[in-house]
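All heavy atoms count here, side chains included; hydrogens, waters and symmetry mates do not.
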Amino acid sequence: MQNLKKSELKKNLISSVKVLKNSLQYTTYRYFILATLFFYYADRGTRAIPRTVNLHPTASRHNFHGKQKYLQSELAEAFSNLEAIHPTLTGILEGAIPETQIPDADMLEFRRHLDYLQEHTSAFINSENFGNTFEYWLSLLAKMTVKQGVAFYTPRSLVNLLIDITKPREGMSIYDPTVGTGGMLIGAAHYIRQHGGNLESTQFYGREKLQDIWAICNMNILAHQIDNATIEHGDSLRDMEARTDTFDLVLQNIPLSLDPGNRTKTNQMTQAFLEHAVESLSPSGSAAILAPASILQQDHQDFWHQILQRDWLEAVINLPPKLLHGTNTSAVVFIFNKKKPAGRSSQVLFIRVPSNFLPHAWHNELQNVDIQSIVQAFESWGETSQFTRVIHISEIKDQNYNLSIERYPDFGEITQPFDIASALNRYHIASQKREAAVTRLMQNLAELDYPIKPSQDKPSLQ
């Protein structure tokens with residue numbers, strides 16, 4: 001059995017998608033693929049999900065594994081049996097069975113790919129490997145159709161940035177009002193574990209209005225062995241008045257508007273989410289809210305007036321473009337804190353990350369070194385960074401409570417320290433991708449009997 005390799009997992013998923021997209025739409029096969037992957041682990045895995053419940057590994061195997069006909073119906077029955085054994089899964093798996101009938105030939109091929117993962121890789125061998133597998137397939141499915149993926153998936157480098165700034169601790173109550181696939185909560189749990197914390201005293205809460213994404217989130221939470229999590233199916237804004245809970249930490253990615261042309265509606269939705277996040281905080285709570293930078297151009301003067309009057313805004317972090325799925329706009333992170341540290345009262349830290357911070361072309365991804373540079377700038381309160389500025393609330397008041405970075409231009413000369421090791425690593429990765437692409441091109445041309453001229457060797461960077 002080979003170790004878990006991303007290349008093998010990616011190849012397997014792409015093959016599965018090619019089989020199923022003949023019969024199903026993206027949103028349908030996305031849910032179906034992940035539910036079946038989860039079923040394979042829960043039904044045949046070596047560890048129960050969650051840890052406090054024992055599954056019977058043979059309870060539903062006879063309904064699907066080994067059968068040759070009526071496989072969609074057999075899988076539906078297997079899902080039903082597993083949900084009956086494990087009430088926590090109620091409504092999570094069965095909803096993934098599509099109304100469209102998938103031919104048995106396609107189902108057999110799809111099952112073959114999952115059987116291969118089961119028999120030849122370590123994907124299902126323990127909870128850590130399966131959690132990584134589930135999360136990786138989820139990220140790939142989100143990227144396959146970016147505009148649809150944006151509705152439920154936050155790039156994990158951005159999740160890590162928010163986590164590293166807020167530093168979740170054991171015993172906290174942590175909430176995500178638009179939880180999507182659970183990235184924020186899973187990232188917080190991972191951080192607590194990495195730093196020796198105990199999740200038993202930590203409570204995780206989330207709410208998601210789309211039924212299929214709610215189900216995927218629950219599977220993702222269970223796959224990562226997070227037992228103290230409550231993921232509700234509902235709309236945070238519609239249910240806002242009925243909820244009185246408060247939390248120690250709120251982590252959220254404010255979703256893009258479904259009607260961006262309607263500026264009034266977009267502004268109302270954005271402000272409602274900001275208000276909900278702040279109102280959900282305990283008296284000493286904090287929040288990290290990710291949003292498109294266009295929010296800074298919107299009129300939220302009254303809201304920011306109230307927030308700054310209470311001295312609850314700690315930092316505004318302006319990020320480069322192309323970090324969010326589904327839009328080329330820049331991103332911004334708001335750090336709220338109802339109990340700011342001594343020395344930070346009546347001040348807001350502005351961080352402007354240079355646009356050339358990341359060299360990637362079509363979609364940026366924060367590297368660990370990038371994240372740590374931003375975190376260090378936040379923790380040092382701008383003392384060690386050339387792209388930060390501490391601004392007194394009175395100056396923001398003079399700008400009519402507008403938080404757009406252009407209103408506060410005196411950041412000095414922005415220079416990004418040159419990390420030669422990181423630069424060389426990025427160069428070699430790009431070179432490898434280029435060589436692989438050239439190899440594929442040559443193979444395709446050879447198959448077409450296209451005349452190929454030998455290329456002259458060019459010197460490479462050693």
Side-chain angles (χ1 to χ4, degrees), residues 1-24 26 28-50 55-68 71-72 74-79 81-82 86 89 92-93 96-98 102-144 149 153 156 181-182 186 212 215-225:
M1 181 175 291
Q2 66 184 32
N3 293 328
L4 203 58
K5 296 180 179 179
K6 283 189 174 181
S7 57
E8 190 66 33
L9 292 177
K10 183 175 183 179
K11 178 182 176 182
N12 200 290
L13 174 63
I14 290 174
S15 298
S16 298
V17 168
K18 285 181 179 178
V19 171
L20 294 175
K21 72 177 185 179
N22 295 328
S23 304
L24 306 176
Y26 168 75
T28 305
Y29 71 67
R30 175 188 67 197
Y31 183 12
F32 180 68
I33 284 175
L34 291 170
T36 311
L37 179 71
F38 186 90
F39 162 73
Y40 257 68
Y41 177 63
D43 187 44
R44 304 176 73 178
T46 58
R47 182 183 288 259
I49 299 178
L55 295 176
H56 303 289
T58 59
S60 54
R61 187 178 304 174
H62 69 278
N63 288 333
F64 181 67
H65 304 292
K67 294 295 181 78
Q68 302 296 315
L71 290 182
Q72 187 168 337
E74 297 287 1
L75 186 61
E77 185 177 348
F79 281 4
N81 288 347
L82 191 57
H86 192 345
L89 294 175
I92 293 175
L93 296 178
I97 299 296
I102 305 172
D104 279 335
D106 290 345
M107 285 292 292
L108 283 169
E109 182 67 11
F110 174 50
R111 188 179 70 185
R112 186 181 69 80
H113 293 306
L114 290 173
D115 286 344
Y116 179 88
L117 285 183
Q118 176 74 42
E119 296 165 6
H120 299 284
T121 75
S122 56
F124 301 100
I125 200 169
N126 56 38
S127 60
E128 181 179 2
N129 279 18
F130 177 69
N132 291 337
T133 299
F134 193 92
E135 179 71 19
Y136 184 59
W137 271 26
L138 182 55
S139 70
L140 292 176
L141 285 166
K143 292 173 184 177
M144 283 179 183
Y153 185 83
R156 292 320 187 228
T181 57
I186 291 168
D212 58 332
I216 292 171
C217 179
N218 274 278
M219 288 186 279
N220 204 12
I221 292 288
L222 290 171
H224 285 84
Q225 298 287 295

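- Taking the salt bridge (charged side-chain N to carboxylate O under 4.0 Å, His left out) definition, one finds that Asp106 meets it with nothing, sequence neighbours left out.
- If you take OH on Tyr153 and CZ on Arg30, they are separated by 13.0 Å, rounding to the nearest 0.5 Å.
- One side chain, Glu135 or Asn220, offers a donor N or O that lies under 3.5 Å from an acceptor on the other.
- Counting only heavy atoms from C-beta outward, the side chains of Ile186 and Thr181 never approach each other to under 4.5 Å.
- Of all the heavy atoms in Met219 and Ala35, the pair that sits closest is SD-CA, 3.6 Å.
- Two residues are said to be in side-chain contact when any heavy atoms from C-beta on lie closer than 4.5 Å; Tyr31 and Leu141 fail this criterion.
- Side-chain contact between Asp104 and Glu74: absent, with no pair of heavy atoms (C-beta onward) separated by less than 4.5 Å.
- Considering all non-hydrogen atoms of both residues, Arg111 and Tyr40 come closest at CG-OH, 3.1 Å.
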Side chain to side chain contact (heavy atoms under 4.5 Å, CB included) assessment of Leu222 paired with Phe38
CA-CA 9 Å; Leu222 290 171; Phe38 186 90; 4.1 Å; yes
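- Interatomic distance, CG of Leu114 versus CD1 of Ile33, reported as 8.5 Å (0.5 Å rounding).
- In this structure, Val17 and Leu140 have side chains that are not in contact, with every pair of non-hydrogen atoms separated by 4.5 Å or more.
- For Phe110 and Tyr29, the ring centers sit 6.0 Å or farther from each other.
- Between Glu109 and Arg112, at least one side-chain N (NZ, or NE/NH1/NH2) sits under 4.0 Å from a carboxylate O, which counts as a salt bridge.
- Side-chain contact between Thr36 and Phe79 is present, with heavy atoms from C-beta onward closer than 4.5 Å.
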Take Leu9 and Asn132, measure what side chain to side chain contact (heavy atoms under 4.5 Å, CB included) needs, and give me the verdict at the end.
CA-CA 10 Å; Leu9 292 177; Asn132 291 337; over 6 Å; no
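- Side-chain contact between Phe39 and Leu75 is present, with heavy atoms from C-beta onward closer than 4.5 Å.
- Nearest heavy-atom pair across Leu20 and Phe32 is CD1-CD2, 3.8 Å.
- In terms of heavy-atom proximity, Thr28 sits nearest to Pro98 at CG2-CB, 3.5 Å.
- Here the side chains of Trp137 and Asn12 are in contact, with some heavy-atom distance below 4.5 Å.
- When all heavy atoms are compared, the tightest approach of Lys6 to Tyr136 is O-CE2, 3.5 Å.
- Rounded to the nearest 0.5 Å, atoms CG (Leu34) and CG (Leu138) are 6.0 Å apart.
- Closest of all the heavy-atom pairs between Asn129 and Ser122 is ND2-O, 2.8 Å.
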In sequence, state the C-alpha distance, the side-chain angles, and the governing distance for Leu13 and Met144, and then conclude on side chain to side chain contact (heavy atoms under 4.5 Å, CB included).
CA-CA 11 Å; Leu13 174 63; Met144 283 179 183; 4.0 Å; yes
